[in-house]
Amino acid sequence: MAEVRPTGSGKMFQEIQTDKLLLRNLVSEDAAPMFAYRSHPEICQYQSWEPKSVQEVESFIDTISKKEFDTTGWYQIAIVLENDGSLIGDCGIHILEDDRRLAEIGISLAPERQGNGYATEALNAVLNMLFVDLRKHRVFASVDPLNLPSMTLMKRLGLRQEAHFVQSLWFKEKWVDDVVFGMLQTEWQLTSAIQKRES
Ligand SMILES: CC(C)(COP(=O)(O)OP(=O)(O)OC[C@H]1O[C@@H](n2cnc3c(N)ncnc32)[C@H](O)[C@@H]1OP(=O)(O)O)[C@@H](O)C(=O)NCCC(=O)NCCS
């Protein structure tokens, strides 16, 4: 696995470069490509946000860009291909209101960019930043078990399946299940050590 160079710290989200990707702040020019994949039915299926226009995405980006990183609530970062700078997806980081040492993650990739390992690469870097730079205690993700690519992704990243709540969420006019994946800082340290040994 490629070495990830974490650079996130303090109140600013600092860009992270991985093998094939650049994780950076969203900018207004991202609105059109972001709208294209974020409004795609496949991407919206398991997510509550379904933007109706490029302007809605512009306003979303504007709100995020006024927010400080690593404060409570959701923050969204851009996932960009390093070789040509194209926006291929975004990653959400939620710092919990109750305790800032806890974080939730989510990710979306444009349908035509899936199946290449980009989400795995991006979230590996994000986990590293959260655990190493920001010293989070626990990171978790909430996944609909019918969302198989997302279930596979969380397992591939080494997150532990901790709970399967049955019909616990009223979502898009029906009751749905919720699977919670989690990882502790100590587990990430172990995973990173194994990855380093194997690379
Ligand atoms: C969740 C989501 C980001 C996963 O995308 P993905 O393309 O499956 O994940 P990756 O980019 O890591 O790619 C993994 C695939 O690439 C393949 N791959 C190729 N090279 C790889 C590499 N170096 N490392 C890992 N996987 C690699 C894997 O075998 C896997 O293929 P498979 O799906 O045929 O098994 C995507 O399905 C998505 O955007 N869904 C809609 C939004 C959503 O529901 N998000 C969930 C909210 S948490």
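Residue numbers count from 1 along this sequence. The model shown is predicted, which means the values in this text are computed figures rather than measured ones. Computation of the quantities below employed the complete heavy-atom set of this structure, encompassing side-chain atoms and omitting hydrogens, waters and symmetry-equivalent molecules. Indexing begins at 1, ligand by ligand and atom by atom, following the structure's order.
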So [Y] and [X], do their side chains get closer than 4.5 Å, heavy atoms only?
{"X": "Val176", "Y": "Gln167", "answer": "no"}
{"X": "Pro145", "Y": "Gln161", "answer": "no"}
{"X": "Ile16", "Y": "Phe13", "answer": "yes"}
{"X": "Thr120", "Y": "Leu157", "answer": "yes"}

Out of Met151, Glu42, Gln114, whose heavy atom is nearest to atom 38 (C) of ligand 1?
->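 Minimum heavy-atom distance to atom 38 (C) of ligand 1 goes to Gln114.
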
Tell me the protein heavy atom at minimum distance from [atom], and give that distance in Å.
{"atom": "atom 8 (O) of ligand 1", "result": "Pro149 CB, 3.9 Å"}
{"atom": "atom 9 (O) of ligand 1", "result": "Ala119 CB, 3.6 Å"}
{"atom": "atom 41 (C) of ligand 1", "result": "Ile43 CD1, 3.7 Å"}
{"atom": "atom 2 (C) of ligand 1", "result": "Leu153 CD2, 4.5 Å"}
{"atom": "atom 45 (N) of ligand 1", "result": "Ile107 O, 2.8 Å"}
{"atom": "atom 17 (C) of ligand 1", "result": "Gly115 O, 3.6 Å"}
{"atom": "atom 25 (C) of ligand 1", "result": "Gly117 CA, 3.7 Å"}
{"atom": "atom 12 (O) of ligand 1", "result": "Thr120 OG1, 2.5 Å"}

Just let me know how Gln47 lines up against ligand 1, side chain, backbone, both or neither, with a heavy-atom cut-off below 4.0 Å.
->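 Side chain only.
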
Test applied, side-chain hydrogen bond (donor to acceptor under 3.5 Å, both in side chains); reference residue, Ser108; option that passes from Gln47, His40, Glu42 |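 By the side-chain hydrogen bond (donor to acceptor under 3.5 Å, both in side chains) criterion, Ser108 pairs with just one of Gln47, His40, Glu42: Gln47.
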
Salt-bridge contact Asp62-Lys67 (side-chain N to carboxylate O under 4.0 Å) |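 Salt bridge between Asp62 and Lys67, a charged N being under 4.0 Å from a carboxylate O: no.
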
Residues Arg138 and Glu162 bridged, charged N to O under 4.0 Å |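 Judged by the 4.0 Å cut-off on N to carboxylate O distance, Arg138 and Glu162 do form a salt bridge.
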
Enter the distance from Ile95:CD1 to Lys136:NZ here, rounded to the nearest 0.5 Å.
->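 Interatomic distance, Ile95 CD1 to Lys136 NZ, rounded to 0.5 Å: 4.0 Å.
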
Distance, nearest 0.5 Å, that separates CD1 of Ile43 from CH2 of Trp49 =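 Answer for the CD1-CH2 pair, Ile43 versus Trp49, is 12.5 Å.
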
Do any nitrogen or oxygen atoms of [X] lie less than 3.5 angstrom from nitrogen or oxygen atoms of ligand 1?
{"X": "Leu109", "result": "yes"}
{"X": "Asn116", "result": "yes"}
{"X": "Tyr118", "result": "yes"}

Using heavy atoms and a 4.0 Å limit, tell me yes or no: is [X] in contact with ligand 1?
{"X": "Val143", "result": "no"}
{"X": "Arg156", "result": "yes"}
{"X": "Ser108", "result": "yes"}

For Asp30 and Ile61, run side-chain contact (heavy atoms from CB on, under 4.5 Å): C-alpha distance rounded to whole Å, both residues' side-chain angles, the deciding distance at 0.1 Å, then the answer.
-> CA-CA 8 Å; Asp30 294 324; Ile61 292 173; 4.1 Å; yes

Return yes when at least one protein heavy atom is under 4.0 Å from atom 34 (O) of ligand 1, and no when none is.
->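 Under the 4.0 Å cut-off, atom 34 (O) of ligand 1 has no protein heavy-atom neighbours at all.
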
Identify, by atom number and element, the atoms of ligand 1 in contact range of Asn147, meaning under 4.0 Å from any of its heavy atoms.
->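 Contacts of ligand 1 toward Asn147, numbered from 1: 43 (C), 44 (O), 46 (C).
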
Check step by step if side-chain hydrogen bond (donor to acceptor under 3.5 Å, both in side chains) holds for Ser28 and Glu58.
-> CA-CA 6 Å; Ser28 55; Glu58 266 169 10; over 6 Å; no

